[in-house]
Protein chains: 2
Amino acid sequence: MISTSSKYAIKGVLFLAMHSSEAKKIMVKDICTPINVPQAYLAKLLQELSRQKIISSTRGPKGGFYLSDENRSQPLIKIVHAIDGQRRMNACVLSLKTCDENRPCPLHKLVSPAKKQFIKSLKEKTIENLANNIANGISFLPL
Amino acid sequence: MISTSSKYAIKGVLFLAMHSSEAKKIMVKDICTPINVPQAYLAKLLQELSRQKIISSTRGPKGGFYLSDENRSQPLIKIVHAIDGQRRMNACVLSLKTCDENRPCPLHKLVSPAKKQFIKSLKEKTIENLANNIANGISFLPL
DNA sequence: TCTTTAATATGACAAATATCATATAATTCC
DNA sequence: GGAATTATATGATATTTGTCATATTAAAGA
């Protein structure tokens, strides 16, 4: 459904949401350990997100990655679309090209409501929303 | 969530459910084309399912794969457990070892109800159920 | 302006997963 | 019992995906 890369990206962004600000940028090497993602791999992912303006970054001393207020207000699905592309998440469970509401595959009815609900959540919930949950002890971001 | 192998296996089994019987066994080479799965790959998967008694088979002339009545009455989840193992399907969205109801990851609440519902369906619906849907034009099994 | 710092770009390497090939064993039919 | 047929077992190859390494570019501070 979502790739390992997207999972890592989400973890990274949530970490930034919790610990960074325009005034307090964070380097990859200080993010990778607490979220348990290989440094070079995380770097690549954050670079991609930065290029797509989903997170912010500056280089040089005092530089690093961070989230602007605008970044924070974006829905989670932007992250997975940025990393996995639009298709992956919407693909049929059996990966059938022809599967849709009109010609559903045998599993379509079993999965469709669940997946729609999940995608809806990803579109509605912002990065900030989830970060707040973590801050309030409602959810956890361990290794 | 479920692997390509499981998808292929499900397609294969549903094809057998529709076209085979104890009296009418079918060879892999006659299954792979209509469901659009590479022959040798499908063979391997069906062999595994056969070994785990999820489908039936006999070798030699007039042999092939088929579904007994008992086979048909089994829930779908058996197929995916046989191919992917028990863990994969139940794993956390972010692949966090420590994620559970007590210490949910940030995405847990967004995904959990959807996934539970899907797994429940896989446990309830039998191979026969889905085959009937296909037979009745409610769902479709194309390439 | 020079040095240091940290992101960026690019591509090589590794591991996992999907795909294919070959030899063997069991069953049928003659 | 022998030839043909089809599943089984095992392992090799290819592709995808994840991981790592290196050189380059931009910013900061002296």
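Numbers restart at 1 for each chain; the letters A, B, ... are given by sequence-line order, proteins then strands.
Remark: P of dA6(C) and CZ of Phe65(A) are 12 Å apart, rounded to the nearest angstrom. dT17(C) atom C1' lies 15 Å from atom CD1 of Ile2(B), rounded to whole Å. A straight line from NZ of Lys62(B) to P of dC29(C) spans 7 Å, rounded to a whole angstrom. Here the C1' atom of nucleotide dA9(C) and the CG atom of Leu46(A) are 15 Å apart, to the nearest Å. If you measure from atom NZ of Lys11(A) to atom C1' of dG18(D), you get 14 Å, rounded to the nearest angstrom. Leu49(B) has its CG atom 14 Å from the C1' atom of dA7(D), to the nearest Å. Whole-Å rounding puts the Ile55(A) CD1 to dA6(C) P distance at 16 Å. The distance between atom NZ of Lys25(A) and atom P of dT5(C), rounded to the nearest whole Å, is 17 Å.
Surrounding NZ of Lys25(A) are more than 12 heavy atoms belonging to other residues, nucleotides or ligands, all under 6.0 Å away. Shown here is Asn136(A), whose CG atom has more than 12 heavy atoms of other residues, nucleotides or ligands within 6.0 Å. The neighbour count for Lys78(B) NZ, taken as heavy atoms of other residues, nucleotides or ligands under 6.0 Å away, does not exceed 12.
For dA18(C), one of the phosphate oxygens OP1 or OP2 lies less than 4.0 angstrom from a side-chain nitrogen or oxygen of Thr4(B). Between Ser57(B) and dT8(D) there is a side-chain N or O to OP1 or OP2 distance below 4.0 Å. Residue Tyr8(A) has a polar side-chain atom (N or O) positioned under 4.0 Å from OP1 or OP2 of dT19(D). In terms of phosphate contacts, Ser50(A) brings a side-chain nitrogen or oxygen within less than 4.0 Å of OP1 or OP2 of dT8(C). A sub-4.0 Å separation between OP1 or OP2 of dA18(C) and a side-chain N or O of Ser5(B) is present. Phosphate proximity of dA9(D) to Arg51(B): present, with a side-chain N or O under 4.0 Å from OP1 or OP2.
When distances run from any side-chain atom of Pro61(A) to the nucleotides dT4(C), dA7(D), dT28(C), the shortest one goes to dT4(C). Comparing dA9(C), dT28(C), dA6(C) against the side chain of Gln47(A) picks out dA9(C) as the nearest.
Using a 4.0 Å heavy-atom distance criterion, Ile26(B) is classed as a sugar-phosphate-only contact. Across all strands, Lys44(B) comes closer than 4.0 Å to base atoms (heavy-atom distances).
Between Glu48(A) and Ala40(B), the residue anchored nearer the 5' end of DNA chain C, judged by the nucleotide with its closest heavy atom, is Glu48(A). Both Gly60(A) and Ser3(A) lie near DNA chain D, and the one whose nearest nucleotide falls closer to the 5' end is Ser3(A).
With hydrogens and angles left out, the side-chain atoms of Glu48(A) and Gln52(A) include a donor and acceptor closer than 3.5 Å. Remark: the Tyr8(B) side chain and the Ser3(B) side chain contain no N/O donor-acceptor pair separated by less than 3.5 Å. Looking only at atom types and distance, the side chain of Asn133(A) has no donor-acceptor partner in the side chain of Ser139(A) under 3.5 Å away.
Residue Arg59(A) places no side-chain atom within donor-acceptor reach of the base of dT8(C), judged by atom type and a 3.5 Å distance cut-off alone. Side chain Lys7(A) to base dG18(D): no donor-acceptor pair is found below 3.5 Å.
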